[in-house]
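Notes follow once the structure below has been shown.
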Amino acid sequence: YSGSFSMAAGLNIQAIGTLSGDAHSAIASAVYTLQAAPPTLTPPGGTYTGAQSVTLATTTTGAQIYYTTDGSTPSAGSGTKKLYSGTAISVTVSGTVINAITVDGGMQNSTVSTGTYIITAPAAPIAALTAPAPFPNTTVGATSAAQTATLSNTGNAVLTISGITIAGTNPTDFAITTGSNACGTTLAADASCYIYVTFTPASAASFAATLTVADNASGSPQTAALSGTGTLPPNFTVVSPTSPQTIQPGGAATYTINVTPVNGPFTGVVTLGASGLPAGVTATFVPATVTPGSAGATSQLTIQTAATRRE
């Protein structure tokens, strides 16, 4: 023996000591079993934000690495084991367990290296915009009561709002106004705010537009439909179903006068009167004022002529 030596495989080493003139020593023996170095996982198991690319390596030269991603042991009989080719293993599912061993024909397989990967979603806002109800019929030129759209942030980060606008086919007939808990420039995680919109139709027609919210959430801009119908203002007509009558001097004629609402109920008071009558002729309405409402109203008109004076 002249110094240390290397073993490429498991060996049974036996040795004796000798001295000239003396009997040699008893035989000393030892069995050396070589085992491959276990693989290293980079990055190691742990909790990460977003998917990970895991590489495997071993210090045993020329050895192969086998691995599994289902938590099973990559033994010789494992049906799910894979030979590591040097390409990083993509881990996208939280709870993935990678087990790996080093295999060398001249050594025992390494112990199992393991890593459990917990993947958490990155902090981000999640925005949703709920459209307001359709506006009720609104008189042309009048402004409706505000309807509310709800903006919600169900994510785990602040939502930054860069703009709230109205676009689409008829944007000028709708307007954004203020109200309680109105949306501003930011919205906290797990919170909501309101966008108040009014409707002022320019004509008797149907109108549509799109409420748009620009923000830093995925899917921006968020949109919601707006709709409403403009109607003409309530009015009324005055018509008599009575046929024309011929009146002799000093006589009278009676007419039924129907006051009928148009474009919805007319709740104002209508004062009835007659003009352009000939001299000596009077017109009397009973009643002299009516309120048509939704069903209409009726009055009686009496035309009274003056008697002819004899000379």
Side-chain angles (χ1 to χ4, degrees), residues 48-51 92-94 118-237 260-268 292-295:
Y48 298 93
T49 300
T92 59
V93 178
S94 184
I118 305 300
I119 307 299
T120 60
I126 301 174
L129 181 62
T130 303
F135 286 88
N137 290 350
T138 303
T139 301
V140 172
T143 298
S144 72
Q147 300 276 39
T148 56
T150 303
L151 179 64
S152 302
N153 177 14
T154 58
N156 56 1
V158 172
L159 178 71
T160 300
I161 303 169
S162 55
I164 302 175
T165 56
I166 296 176
T169 307
N170 310 115
T172 59
D173 295 279
F174 300 87
I176 297 171
T177 185
T178 59
S180 176
N181 191 30
C183 297
T185 57
T186 60
L187 182 60
D190 197 27
S192 61
C193 61
Y194 301 113
I195 302 170
Y196 294 84
V197 183
T198 59
F199 173 48
T200 307
S203 63
S206 295
F207 296 87
T210 302
L211 178 64
T212 301
V213 178
D215 50 51
N216 64 331
S218 175
S220 176
Q222 326 303 328
T223 60
L226 304 175
S227 64
T229 300
T231 58
L232 293 173
N235 206 337
F236 62 89
T237 60
T260 304
V262 178
N263 304 324
F266 189 92
T267 57
S294 58

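What you see is a predicted model; the values in this text were computed from it and never measured.
- A donor-acceptor contact shorter than 3.5 Å is absent between the side chain of Asp190 and the backbone of Thr154.
- Of all non-hydrogen atoms in Ile119 and Ala51, the two that sit nearest each other are CG2-N, 4.1 Å.
- Taking every heavy atom of both residues into account, Gln147 and Ala133 meet most closely at NE2-O, 3.7 Å.
- Across Ala157 and Ala123, no two heavy atoms sit closer than the pair CB-C, 4.0 Å.
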Subject >> side-chain contact (heavy atoms from CB on, under 4.5 Å) evaluation trace for Asn153 with Val158 >> reply: CA-CA 8 Å; Asn153 177 14; Val158 172; 5.6 Å; no
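- The backbone N or O of Pro201 lies less than 3.5 Å from no partner atom in the side chain of Asp173, so there is not a single donor-acceptor pair.
- Here the shortest heavy-atom pairing between Pro261 and Pro292 reads CD-CB, 4.2 Å.
- In this structure a side-chain-to-backbone donor-acceptor pair under 3.5 Å is missing from Asn235 to Val262.
- Between Phe174 and Phe135, the ring planes lie tilted relative to each other; the angle falls in the 30° to 60° range.
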Original post:
Can you list the steps and then say if Thr143 with Thr200 is a side chain to side chain donor-acceptor pair (under 3.5 Å)?
Top reply: CA-CA 5 Å; Thr143 298; Thr200 307; 2.8 Å; yes
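- How far CD1 of Ile164 is from SG of Cys193: 6.5 Å, rounded to the nearest 0.5 Å.
- Contact between Ala225 and Pro132 at its shortest, heavy atoms only, is O-CD, 4.1 Å.
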Subject >> Trace of the side-chain contact (heavy atoms from CB on, under 4.5 Å) decision for Leu211 with Ile176 >> reply: CA-CA 9 Å; Leu211 178 64; Ile176 297 171; 4.2 Å; yes
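- Atom CZ of residue Phe266 and atom OG1 of residue Thr237 lie 11.0 Å apart, to the nearest 0.5 angstrom.
- Expressed to the nearest 0.5 Å, how far OG1 of Thr210 lies from CG of Asn170 amounts to 10.0 Å.
- Formation of a donor-acceptor pair under 3.5 Å by the Ser94 side chain with backbone atoms of Thr92 is not found in this model.
- Without hydrogens or angle criteria, Ser162 side chain to Ala214 main chain gives a donor-acceptor distance under 3.5 Å.
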Subject >> Evaluation steps, side-chain contact (heavy atoms from CB on, under 4.5 Å), between Thr186 and Leu159 >> reply: CA-CA 6 Å; Thr186 60; Leu159 178 71; over 6 Å; no
**OP:** Please lay out, stage by stage, how Leu151 and Ile161 fare under the test side-chain contact (heavy atoms from CB on, under 4.5 Å).
**Re:** CA-CA 10 Å; Leu151 179 64; Ile161 303 169; 3.6 Å; yes
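- In this structure, Ile126 CD1 and Ser218 OG are separated by 8.5 Å, a value rounded to the nearest 0.5 Å.
- Two residues are said to be in side-chain contact when any heavy atoms from C-beta on lie closer than 4.5 Å; Pro234 and Thr267 fail this criterion.
- A donor-acceptor distance shorter than 3.5 angstrom exists from the side chain of Asn156 to the backbone of Ala124, with no hydrogens or angles considered.
- Of the residues listed (Thr178, Asn181, Thr130), the one engaging Tyr194 in a side chain to side chain contact (heavy atoms under 4.5 Å, CB included) is Asn181, and it is the only one.
- At least one side-chain heavy atom of Ser180 sits less than 4.5 Å from a side-chain heavy atom of Tyr196.
- The shortest distance between side-chain heavy atoms of Pro125 and Asp215 does not fall below 4.5 Å.
- The OH atom of Tyr48 sits 11.5 Å away from atom OG1 of Thr120, with the distance rounded to the nearest 0.5 Å.
- Checked by atom type and distance alone, the side chain of Asn137 never pairs as donor or acceptor with a backbone atom of Thr231 at under 3.5 Å.
- The two atoms that bring Ala149 and Leu129 nearest to each other are CB-CD1, 4.2 Å, heavy atoms only.
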